> 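I'd like to ask you about the structure that follows.
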Amino acid sequence: MNLNYTPAQQAFRAEVRDWLRAHVPAEAFASYDTREGFEQHRRWEATLAEGGWSSVTWPQELGGRGCDLIDWLIFEEEYAAADAPMRVNQNGILLLGPTLMEFGTPEQKARFLPRMARCDDMWAQGWSEPNAGSDMAAISSRALRDGDHYVLNGQKTWSTRAIFANWVFCLFRSDPHSSRHHGLSYLLVPLDAPGITIRPIQALNGKEAFAEIFFDDVRVPVENRLGDEGQGWNVAMATAGFERGLLLRSPARYQRTAQKLMDLYRKHQASADRDPSIREAVLRAWMGAEAYNLASYHTVGRVQRGARIGAEASTNKIFWSELDLDMHETAMRILGPRAELCDDPEVHEWLEGFLFAQAGSIYAGSNEIQRNIIAERLLGLPKN
Amino acid sequence: MNLNYTPAQQAFRAEVRDWLRAHVPAEAFASYDTREGFEQHRRWEATLAEGGWSSVTWPQELGGRGCDLIDWLIFEEEYAAADAPMRVNQNGILLLGPTLMEFGTPEQKARFLPRMARCDDMWAQGWSEPNAGSDMAAISSRALRDGDHYVLNGQKTWSTRAIFANWVFCLFRSDPHSSRHHGLSYLLVPLDAPGITIRPIQALNGKEAFAEIFFDDVRVPVENRLGDEGQGWNVAMATAGFERGLLLRSPARYQRTAQKLMDLYRKHQASADRDPSIREAVLRAWMGAEAYNLASYHTVGRVQRGARIGAEASTNKIFWSELDLDMHETAMRILGPRAELCDDPEVHEWLEGFLFAQAGSIYAGSNEIQRNIIAERLLGLPKN
Amino acid sequence: MDFTFNEDQQALRDSVSRFLMVEAAPEKLRDIWQTDAGRSSELRAKLAEQGLTALSVPEAHGGLGMGDVDWALMNQELGYFGIPDSLADTAYLATGLLTALPEAHPVRAAWLPRIADGSARIALGHPVNPWVADAHLADLLLLAHPTEGGTEWHALAPALVQVTPCASIDASRRLATVAWAASDATRIADAAHGQVLADALLNRGALNVSSQLLGLAQRMLDLTVDYAAQRKQFGKPIGAFQAVKHHLADVVTKIEFAKPVLYHAASALARNAPDSAVRASHAKLVCAEAGWFSARKGIQVHGAMGYTWEVDLQMFMKRAWVLDAAWGDRAFHKQRLSDALLNNGALLGPGATFNTLS
Amino acid sequence: MDFTFNEDQQALRDSVSRFLMVEAAPEKLRDIWQTDAGRSSELRAKLAEQGLTALSVPEAHGGLGMGDVDWALMNQELGYFGIPDSLADTAYLATGLLTALPEAHPVRAAWLPRIADGSARIALGHPVNPWVADAHLADLLLLAHPTEGGTEWHALAPALVQVTPCASIDASRRLATVAWAASDATRIADAAHGQVLADALLNRGALNVSSQLLGLAQRMLDLTVDYAAQRKQFGKPIGAFQAVKHHLADVVTKIEFAKPVLYHAASALARNAPDSAVRASHAKLVCAEAGWFSARKGIQVHGAMGYTWEVDLQMFMKRAWVLDAAWGDRAFHKQRLSDALLNNGALLGPGATFNTLS
């Protein structure tokens, strides 16, 4: 155990900080769930890519910096401290990217990864279906092999920002006689392919944050399949646990929220202290964010020593989603009767965050599913 | 809605208060889980019976006062406010008594009820078995008919204070070919019958609060059966819900605890306020106890207008058991490092109450079972 | 001592419920809320026809003369069906304020009949709220004017005020800040009497939203139970999973133990009992918690569907979130409760609930 | 930057665990705890043989020279196996205090070797605790003497003190109040230096029980998982019911997110970092919560069995309950945390954890 950053790590931090100071836009962007805001965010991603910051853990030859995970944590800390914009291509960079690196052919890597790093392509995820949510193995969208193509039919849903993306990675049932997690294939599909219809879904905040994607005899070439035919589930799962457990939600983001919450509390302390649970909640916010950060450093250290992350990823998911909800609820309480006023400048960000936090315990595997996983895989309790 | 007590109710309250003031012992008794303490409590029950207070809702001819449920609430309020001793024959008076009144033959009523009201008999309950806890329908102790007797074999457990009682009411499987809640019979068994062995169970506090009862060819006459043969489940359930929902835990008891908790908080406020969650918890204690009291008055009113209590009894069980636990945990927090000192006079009662509160979410149907009942019976959610 | 509702009260509630089930279906509300005004004069007219605007107007002025306890039931229905603020603000809160003016007061005499017949909308500006609800369509505004000696009340015609809207996350809300000038001509209650009115209005406002919050909690529960019974995953309805059952059972318990607290507080207010304020705060806290909790469990059980605009849950969820802090946020009510309990031992202990020991 | 343990540390922990599994089985502990003294010199000798008493004694005095971070691991094992206070109090806390005396100090030189070889039990009287643990068998008592200028420390032989036992709900505890007189002859640290010692001891004491609480939380979880896997109701193991699964999954999460907080606090203490106190308080709060929560879920899943003396759960549960308030109760640590966070912005925000921004 050595809790000092090396000189190289300190230098890296300084480099990140300097670059961000010079480049982070002074004005907040519009919501990335609007066309205008999405474009702003996409341009910011391109700026990041030009600076070489879009995917710091990727190998240099693919547009990254080959950073280790400690550097990744440092980058995220500086990024959050600088209040830099939210990232809009994380589905590509965090989920598809590493999967491509592990399972992709050389041609696939060359074709997709550099464009992804530069944000030339924006990726949507296509796993959920109307009847395959928590029970993802119930996927029924089909990919029938027709020579050197697959013909896709079916429907995907909850595809984040799909109306703005140009590619989607999906699981399809390629063996029509299969069931559950067998016989699925992992396919990369251009969203402008004939036969695709995208229908936006309005989220709580009224914005079109998600979409349904309908596939009607969509043809994609076999070379768009990632991994072997029928092995899609394993391909999807191989990285899902690790990503979900570690990279999906960097701790710095929660530390930043906790810090802002403490600021908000101090600003309104006299009125907030009329409710003793607020002070308690503010302390818990700090404790939770610190704990999540420490757990991440601990996990990163173990991974760098060769450990694999298993079902612990599920404790992570529960922890950050509940922390996020608790912090935003606390902010609402501090803001009191003003909390509903969406155009109030002090309120706006908290209110949007509060709405977004509602979904945290649902997406990326509901917290009920995560608790099942912990009980069955970590504790060995019987499935039924 | 009329929230004034009638002159008669006010007079009744004054009568209760005066009698208690004259009779409640000045010195606290020993624990009723000790031989000495049990005797003290039994004598107190006899004193209550002499005063006509042992079972105020029972008909006068059976030793009660024929009080309605509002009077019962008033009696309980005065009883709790006077810090009168805990009741040790409630299994008889609250559970078996009303069941006897509903299902007993005239002979059974005459034989058992007056003795119960006078505390000549102390009753234990014998429903749980080692493999029939939450799943009570898994009862396997058998009562085989042999002419005008039943021959009992098997084992009951978690029988509260059975080592001090002289009778037990039990469910036995009288039809050996039956399963689940069919084929059970409700039997009244003297604990000095040949073939009975009672083995005490030490509780958390080291006291022998429970016992196992072993039946080895115990013979009881058929006239000790309550209700029809094979109908024991219905007999047991008919009153269980109502009792559990209303009479088992009178709200006054929790109001008294909340009041004492507020006193404790005020006494130690300077140190307690270092932890903001304590003040919050003290407010919640008062709110919870008041809510439970109001809910009881509301339910009593509905019952007096002819309503039957159904699965709402389960919300009651959850509410008082969690309230009790929360209040005692809060007291522990206020007492801080002294909370572990069992002989400290300020600590003793809170610590014993804290231990007892641990069991509240388990006995009388675990809170998990209660939540299932609410979801399935009140909300109509599917069983499986 | 009878802490129940009589059959008439229950029958009235049932009939209002049946009426709103048809007339205030979510798809109708969505249409209304999307208009600029956010209100439908047609729906208001139907509500008036049902007598809802006349409920607590004194009989002498054409009303039904009902009181706080009846409103505790009725408002649960308004909450359940998501009826916007203007109705209860006018027919319950403003009516309460006007009725407390001297009988001969011209404003009282002029407006109570118009409330009863449904032809007036009245907006209220109370210091506990940083905004005024439904000021934009108000025919009359009753506005508090805090002074050193207490809170005066003034009645203003719309022409005398300047209304600046502020957007709420809840699409049913039409909030605004109101600029206006107090004058002798507009004053309807001086500081001394006005403070009494302000205090009563605050408690009534708190109960008003408390009962709506309970109705909202119940609505979200019902929507969620329906969803859980229909939505299948892993080969069975998700409502068959114990985790879902227990989420929803906990919502039931929260609602069931908030109800009697609300009824008792309403009765205390109606009787002008000395503990009205603390009882109102208790009711507001538990009803707000029931609403908030039902929202949380509702969206969790709805899964991603609950996060959409399309599913009705969001309409009621947002209303539950915002009413949580209306007419005194949790901090306000906790402080009142805390002060009362620490200073008034008569509120504590067995027998204290109905004040027999005080 | 490497926030992990090395293989040696893990191997040592594993070997201690294997040793205690045999030597500190619950039935043995029950026998020991039921004796008057509550301690077994035989078990102590075995622990010393394993090197546990020598862990943090400097190598110059026959010890292994380990520190707070190692103890954060080791103490989890002591907690897991319910080893009474005397061992860690002597080998960790008293050792830390004595080691901080000037090297030439005769008490330091006399007692460190005896701690290392297992022949001494040392009891500690710190102002944060209203009692002294294991005073009755102590060969030496190190007692704080608060003065206006700070906290002096005194070393007393058993003959110089009067020990009055006080019973704890936890049968492993032997607590007492200790009457004694401070004199020049007994003083080992004056007020100025002594205050530094007292502050460090408080943080170390808090970490000492924090890590034991984590071990206890894990033990109760393990016992409960075993029970849930074996106990059948409704035709299947109760551990197959989702409600039970989710209870226990939540325990896992609490434990897993308390561990790194503990390790970080131990490292801060070892480095004498300026934020040692706030980190220790953070650790104490989350470890106490993990212990308390594991106890609650443990007894709930054990059902009535968990309420019995016979089932081992109670041994660990009571220890978790009482250590919750030892070496600073939650109020104490929350206050420290709160003061620090409100006054020291450097503790807040991304990058602050390892103090790079300060």
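As a basis for the values below, the full set of heavy atoms in this structure was taken, side chains included, without hydrogen atoms, waters or symmetry mates. Reminder, nothing fancy here: chain letters follow the sequence lines and each chain counts from 1. Worth saying up front: this structure is predicted, and the values here are computed from it rather than measured.
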> Return the option, out of B:Ile278, B:Leu335, B:Leu355, B:Ile201, with the maximum number of heavy-atom pairs under 4.5 Å with chain D.
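Max contact count across the listed options: B:Leu355.
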> What are the two closest heavy atoms between B:Asp275 and D:Arg330, and how far apart are they?
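In this case the closest contact between B:Asp275 and D:Arg330 is OD2-CB, 4.0 Å.
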> What part of D:Asp324 gets closer than 4.5 Å to chain B, counting heavy atoms only: side chain, backbone, both or neither?
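Side chain only.
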> Which of the residues D:Ala171, D:Ala167, D:Ala243 is involved in the greatest number of heavy-atom pairs with chain B at under 4.5 angstrom?
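It is D:Ala167.
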> Chain D heavy atoms under 4.5 Å from B:Arg371: which part of the residue, side chain, backbone, both or neither?
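Neither part; nothing is under 4.5 Å.
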> Which heavy atom of D:Phe234 sits nearest to which heavy atom of B:Ser134, and what is that distance?
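The answer is CZ-O, 3.5 Å.
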> Under 4.5 Å from any heavy atom of chain B, what part of D:Ile299 do you find: side chain, backbone, both or neither?
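Both parts, heavy atoms under 4.5 Å.
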> Where does B:Thr157 contact chain D at under 4.5 Å (heavy atoms): side chain, backbone, both or neither?
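Neither part; nothing is under 4.5 Å.
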> Answer yes or no: is there a side-chain heavy-atom contact under 4.5 Å between B:Ile362 and D:His302?
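No. Closest side-chain heavy atoms not under 4.5 Å.
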> Taking side chain as everything from C-beta outward and backbone as N, CA, C, O, which of these in B:Leu341 sits under 4.5 Å from a heavy atom of chain D? Side chain, backbone, both or neither.
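For B:Leu341, backbone and side chain are both near chain D.
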> So which atom in B:Ser277 and which in D:Lys334 form the shortest heavy-atom distance, rounded to 0.1 Å?
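In this case the closest contact between B:Ser277 and D:Lys334 is OG-NZ, 3.3 Å.
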> With a 4.5 angstrom heavy-atom cut-off, could you sort out which part of B:Ala138 is near chain D: side chain, backbone, both or neither?
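No part of B:Ala138 comes within 4.5 Å of chain D.
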> Decide yes or no on salt bridge (Lys or Arg N to Asp or Glu O under 4.0 Å) for B:Arg274 and D:Asp329, but give the supporting numbers first.
CA-CA 10 Å; B:Arg274 294 173 305 156; D:Asp329 61 12; 3.6 Å; yes
> Which pair of non-hydrogen atoms, one from B:Cys342 and one from D:Ser168, has the smallest distance, and what is that distance?
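Answer, listing the atom of B:Cys342 first, then D:Ser168: SG-C, 3.4 Å.
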> Locate the shortest heavy-atom distance separating D:Gln300 from B:Glu368; write the atom from each residue and the value.
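Result for this residue pair: NE2-OE1, 2.8 Å.
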> Working to the nearest 0.5 Å, report the span between CD of B:Glu340 and CZ of D:Arg319.
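If I round to the nearest 0.5 Å, the distance is 9.5 Å.
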> Please round to the nearest 0.5 Å and tell me the distance separating atom CD of D:Gln314 and atom CG of B:Asn205.
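CG of B:Asn205 is found 10.0 Å from CD of D:Gln314.
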> Mind checking the CD1-CD spacing from D:Ile169 to B:Glu352? Nearest 0.5 Å is all I need.
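Interatomic distance, D:Ile169 CD1 to B:Glu352 CD, rounded to 0.5 Å: 7.0 Å.
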> Can you see which heavy atom on D:Trp321 is nearest to which on B:Leu204, and at what distance?
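In terms of heavy atoms, the two residues are closest at CH2-CD1, 4.0 Å.
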